[in-house]
Number of protein chains: 2
Amino acid sequence: MLKNQNKNLINAPNQVREYKSGNDSIRISSLGGFGDVTQNMFVYEFIPSGDVSKSQIIIVDCGVGFPEEDAFGVDLQIPDTQYLKDKKDRILGIFITHGHEDHIGAVRFILPILGQNIPIFAPKLATAFIEARLAEVNIRANIQNYDENSLPFSKGPFTVDPIRVTHSIPDTFHFAITTPIGIFYHGSDFKFDLFPLDGKGADYQKIARVGQTGKVIALMSDSLGSDHEGWSPSESSIAENFKNEIVSTKGRVFVTSISSNIIRWTQAIEYGKSVGRKIVIVGFSVDRAINIAKELEYLTLNETDIIPVERVKNFADNKLLFLVAGFAGQPDSALSKMIMGKHRIKIKSGDKVIFSSPDYIPGTTSNIFNMIDLLSKMGAEVVYGEKEELHVSGHGYQKEHSLLINLLKPKYLLPIGGNYRHLKSYQEMAKKLGFAEDKVILPDFDASATFNSNGSVDTNFHIPIRKVLIDGFGVGDVGTTVLRDRKTLAEDGMFSVVLLINKESGELNKPPVILSRGFVFMKENNELMEFLKVEATNKFNQATSSPANMDFIREEVQAYLEEIIYKKTGRQPMVLPLVIEV
Amino acid sequence: MLKNQNKNLINAPNQVREYKSGNDSIRISSLGGFGDVTQNMFVYEFIPSGDVSKSQIIIVDCGVGFPEEDAFGVDLQIPDTQYLKDKKDRILGIFITHGHEDHIGAVRFILPILGQNIPIFAPKLATAFIEARLAEVNIRANIQNYDENSLPFSKGPFTVDPIRVTHSIPDTFHFAITTPIGIFYHGSDFKFDLFPLDGKGADYQKIARVGQTGKVIALMSDSLGSDHEGWSPSESSIAENFKNEIVSTKGRVFVTSISSNIIRWTQAIEYGKSVGRKIVIVGFSVDRAINIAKELEYLTLNETDIIPVERVKNFADNKLLFLVAGFAGQPDSALSKMIMGKHRIKIKSGDKVIFSSPDYIPGTTSNIFNMIDLLSKMGAEVVYGEKEELHVSGHGYQKEHSLLINLLKPKYLLPIGGNYRHLKSYQEMAKKLGFAEDKVILPDFDASATFNSNGSVDTNFHIPIRKVLIDGFGVGDVGTTVLRDRKTLAEDGMFSVVLLINKESGELNKPPVILSRGFVFMKENNELMEFLKVEATNKFNQATSSPANMDFIREEVQAYLEEIIYKKTGRQPMVLPLVIEV
């Protein structure tokens with residue numbers, strides 16, 4: 001019904017009135033949990049007249065998270081969709097803000113859970129990234145493109161109007177979400193780059209129009225940069241440095257960055273071509289990103305500009321520019337393989353390696369510095385953030401937040417996309433702009449923010465959120481028990497003693513057999529092993545004097561071995577006696 | 001023989017002449033390896049007339065290293081003293097530059113190896129720290145204090161003259177080491193703080209006098225700050241911020257920092273006392289550091305200034321200043337325990353927690369930020385480096401290095417105390433000062449730099465260096481095999497299948513018994529376990545058809561299980577079949 005209306009949706013009072021009621025509400029939940037930078041997935045739920053069973057839902061973003069350092073062996077983390085289990089048929093659509101993995105990467109896991117026919121709305125670039133991933137796992141999705149010229153999407157009680165902003169990936173949008181009780185502005189990851197390299201700035205006019213309605217109830221805002229004063233540096237501010245590093249070099253040049261950072265690759269290619277270098281793409285993820293960028297015409301790259309890795313030897317060093325995947329030191333990435341000497345391309349003296357990427361990614365910092373050390377040692381000149389500004393943040397600082405707030409004039413602020421310290425920084429900053437503390441909503445990790453049509457807000461409602469971990473092919477089957485075991489095994493290994501018991505006599509059939517890994521070097525610790533065999537035997541014989549209960553005996557032996565192992569070695573391996581009756 | 005001479009040793013030509021010979025040399029080795037920031041331990045070896053068996057040795061520093069992130073369960077790393085094994089009786093002394101753990105922490109492990117009667121020479125503060133540690137393990141050492149007024153130490157062919165410098169711990173020294181072939185200047189960790197808080201600046205005059213001899217062959221120099229241009233900020237530059245944070249607060253104030261950072265504690269105490277706060281010391285390491293500082297009169301603290309943790313409840317919030325151990329989030333530290341709610345002191349709303357410490361320590365960064373998030377969540381205001389300058393580096397920047405080089409006029413530079421990227425930065429910086437690349441010596445990790453009396457230098461000699469890891473009570477018994485096993489166990493856990501074989505028939509006695517941890521949650525994966533039991537049985541029966549070789553069968557079963565487990569789960573647990581004949 002809204003299709004033929006003015007696309008400036010915020011001027012559509014009729015539509016709003018239709019749903020107006022005394023006690024309608026909008027409940028906003030984060031399925032990745034509030035206070036997390038990654039695994040973005042937000043539920044906007046319209047609850048008419050307090051009747052939760054009749055609620056209608058749209059979802060914003062569907063991203064993966066990156067496991068904490070002590071989540072051993074876990075590849076990824078995804079939002080927990082348990083809350084939506086009985087509401088699947090009331091989900092009207094998934095709206096994607098931009099193509100970063102922490103906003104789109106969970107689509108391939110979650111679509112099979114929620115239903116493959118849920119419509120997804122995404123900008124072109126994000127669509128291409130999502131589709132490439134879905135193709136790998138043979139999932140088909142119902143994705144509809146949008147851009148700044150699209151009409152607003154009307155979905156049940158919601159109307160979602162995308163607004164172009166800037167970020168560290170092109171094609172990033174905010175959403176003005178009009179609901180029966182007012183407007184919610186979903187201000188996901190953004191900065192206000194006033195001199196963007198691709199010339200496509202944020203649509204300040206449109207943001208202003210949203211604010212002019214006077215109906216903005218809440219701004220859900222990126223908060224990651226809110227502990228920095230001032231205005232974040234523009235992408236163009238590093239262009240000069242970056243260009244110099246490429247054009248002034250005599251040897252081969254290698255550039256590494258976040259694979260999806262199409263703007264950076266475009267720059268690198270332009271500067272390389274300007275001095276007659278051929279482009280060599282090394283690594284699957286960069287190859288995919290550049291192909292997508294080419295198809296969508298973010299960059300022009302002729303076939304003759306690119307040469308395959310095999311033909312590198314036919315070109316002089318100063319005619320080569322390598323774009324390389326793996327800035328964060330992922331063990332299987334192209335860059336790691338080069339450093340380990342396991343790649344066809346060998347780093348040599350005279351090479352220059354440019355890290356145009358953040359220095360600090362949780363869990364990877366020392367990987368990055370290790371790589372820099374190793375590359376230096378191989379004779380390469382390494383250029384990285386601590387030495388020169390070659391990367392800027394994609395997240396706005398305090399002045400950009402102030403501008404957004406001033407344009408929108410929201411009643412409430414709800415910071416997202418940050419850890420708790422960033423949410424607090426955002427709250428402090430908002431205080432300077434005159435927002436009382438209770439106007440800045442900081443829900444608990446698993447709480448929802450419920451905005452009622454009478455103007456009240458509460459954060460009392462909680463939803464179930466577990467950590468859903470991806471390890472290998474398993475989704476969610478690695479839980480706290482498994483992780484706790486891995487942690488113990490990681491610290492001091494395992495020590496197992498197999499006790500074979502004669503079923504009739506209840507006595508040991510033969511001396512205990514020991515199986516141990518990661519505890520001590522077995523070959524050099526025969527004496528310790530023999531000692532532990534004797535101790536296990538003695539303890540077993542002692543314990544069997546009571547009426548034979550194998551579980552009880554096992555526990556006794558375990559406790560005793562743990563104690564003497566700690567006393568003798570100061571270590572606490574996982575002790576696992578196995579009692580088998582034969 | 002030198003005791004009555006002018007303490008300005010570099011003017012002692014007679015002593016030098018005595019040893020002069022055509023082909024004497026000084027060999028400098030790093031027992032922690034060159035290219036490491038920590039585990040500092042350097043060997044200066046005088047080799048007369050090329051006769052290595054007659055060499056004489058002094059050692060500079062004896063520090064611990066901190067294990068890399070993938071060195072699971074390892075507590076510490078220490079230098080490898082294997083090279084000194086057959087030279088113990090030729091070690092003339094260990095000279096300590098300052099009291100940081102990476103310069104003194106290995107004394108308690110290495111003294112028992114090299115001999116407890118080796119004389120140690122250390123500044124007062126370092127001595128107190130060393131002795132406190134040695135007392136814990138009941139080791140007595142022969143330690144002699146020195147300060148800026150001490151006469152130079154004459155030890156065989158070496159004369160060691162300490163020179164006061166500044167660093168992030170008081171009582172830090174460099175050494176001018178005069179040898180028969182010339183002077184070596186050991187310029188360990190330093191900055192040139194021109195406005196030091198304790199008023200004790202570096203002895204620029206004395207450094208100049210060393211340079212004036214014209215005999216400085218090499219400067220072994222701290223290189224950690226050499227990738228920063230300019231001059232490092234003075235400790236006094238943060239004093240104003242730090243003071244404001246303490247005196248302007250209405251609630252309780254908690255300060256955390258590196259435990260040995262006596263200057264920071266002294267400041268905190270002074271500011272706290274100025275507004276009538278009582279000092280509460282929380283944590284063993286801070287308590288020890290402050291007691292040592294009191295004894296050595298670095299700070300004045302009356303009994304009435306301090307109150308024990310038990311009496312905190314008798315004081316108003318604005319009368320309390322807590323000095324807390326554990327800024328890096330070590331799990332057993334006071335701060336971690338407070339955050340986990342396991343400490344008598346509970347963090348509450350209105351508290352302020354000041355991190356006056358580096359934000360980035362390899363392996364601990366996300367710990368630090370996690371703590372900040374949790375403290376914010378508990379209602380505390382947290383002040384940390386990203387928000388405000390509350391910590392300065394203890395390592396000089398390029399201008400300070402230039403000054404040191406200009407005062408000393410060394411022929412060669414040998415950067416130490418940095419990772420390879422820092423050594424390269426130092427080399428680049430030195431180029432700007434006119435040092436050709438071959439005048440900046442970068443030995444391999446395990447190579448020695450040998451300076452010959454004919455003026456030549458080489459780095460061809462290599463010494464044995466393994467990683468010596470400390471885990472529990474074991475020194476060096478955790479090697480690469482154990483660590484590799486721990487890594488595998490950490491990633492995907494272990495899966496063991498016990499096959500009981502009838503000795504006579506060679507057949508399975510009963511169905512396989514499975515023991516698995518950290519792989520999948522056993523209770524929810526019965527089906528998988530049953531499947532693997534069947535597969536193991538089948539594979540065993542197949543394999544036994546060949547003449548019975550239990551090792552062969554075990555390997556066959558192992559390879560097969562690894563394969564099907566990976567196919568089914570995408571995981572690679574450590575697979576450990578155990579074949580037992582009964």
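Below, each value reflects all heavy atoms present in this structure, side chains not excepted, and no hydrogens, waters or symmetry copies.
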Is any side-chain heavy atom of [X] closer than 4.5 Å to a side-chain heavy atom of [Y]?
X	Y	value
A:Met494	B:Met494	yes
B:Ile580	A:Val498	yes
A:Tyr384	B:Asp227	yes

Between [X] and [Y], which heavy-atom pair has the shortest distance, and what is it?
X	Y	answer
A:Ala490	B:Arg486	O-CD, 3.3 Å
A:Lys510	B:Val582	CD-CG1, 4.2 Å
B:Val482	A:Phe521	CG2-N, 3.4 Å
A:Asp471	B:Glu491	OD2-O, 4.4 Å
B:Leu515	A:Ser496	CD2-OG, 3.4 Å

Under 3.5 Å: donor-acceptor pair, side chain of A:Asp485, backbone of B:Arg517: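 Here the side-chain-to-backbone pair does not exist.
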
Any donor-acceptor pair under 3.5 Å from B:Asp373 side chain to A:Tyr420 backbone: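 Yes, because the side chain of B:Asp373 sits within donor-acceptor range (under 3.5 Å) of the backbone of A:Tyr420.
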
Among B:Thr481, B:Leu576, B:Val520, residue most engaged with chain A (heavy-atom pairs, under 4.5 Å):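 It is B:Leu576.
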
Top contributor to chain A contacts, counting heavy-atom pairs under 4.5 Å, from B:Leu423, B:Asn419, B:Leu442, B:Asp444: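 Looking at each option in turn, the highest pair count goes to B:Asn419.
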
Got a sec: does the [atom1] of [X] have more than 12 other heavy atoms crowding it under 6.0 Å?
X	atom1	value
A:Glu527	CD	no
B:Glu437	CD	no
B:Lys352	NZ	yes
A:Lys377	NZ	yes
B:Glu229	CD	no

Between [X] and chain B, which part of the residue has a heavy atom less than 4.5 Å away: side chain, backbone, both or neither?
X	answer
A:Asn509	neither
A:Thr488	neither
A:Thr569	backbone

Gap separating the CD atom of B:Glu381 from the CD atom of A:Glu428, nearest 0.5 angstrom: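 The distance works out to 6.0 Å.
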
Euclidean distance, A:Ser376 OG relative to B:Arg421 CZ, rounded to 0.5 Å: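 So the CZ of B:Arg421 and the OG of A:Ser376 are separated by 8.0 Å.
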
B:Arg554: partners by side chain to side chain donor-acceptor pair (under 3.5 Å), with sequence neighbours left out: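 Applying side chain to side chain donor-acceptor pair (under 3.5 Å) to B:Arg554 gives none.
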
Counterpart residues, side chain to side chain contact (heavy atoms under 4.5 Å, CB included), relative to B:Tyr566 (two or more places apart):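 Only B:Gln572 meet the side chain to side chain contact (heavy atoms under 4.5 Å, CB included) criterion with B:Tyr566.
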
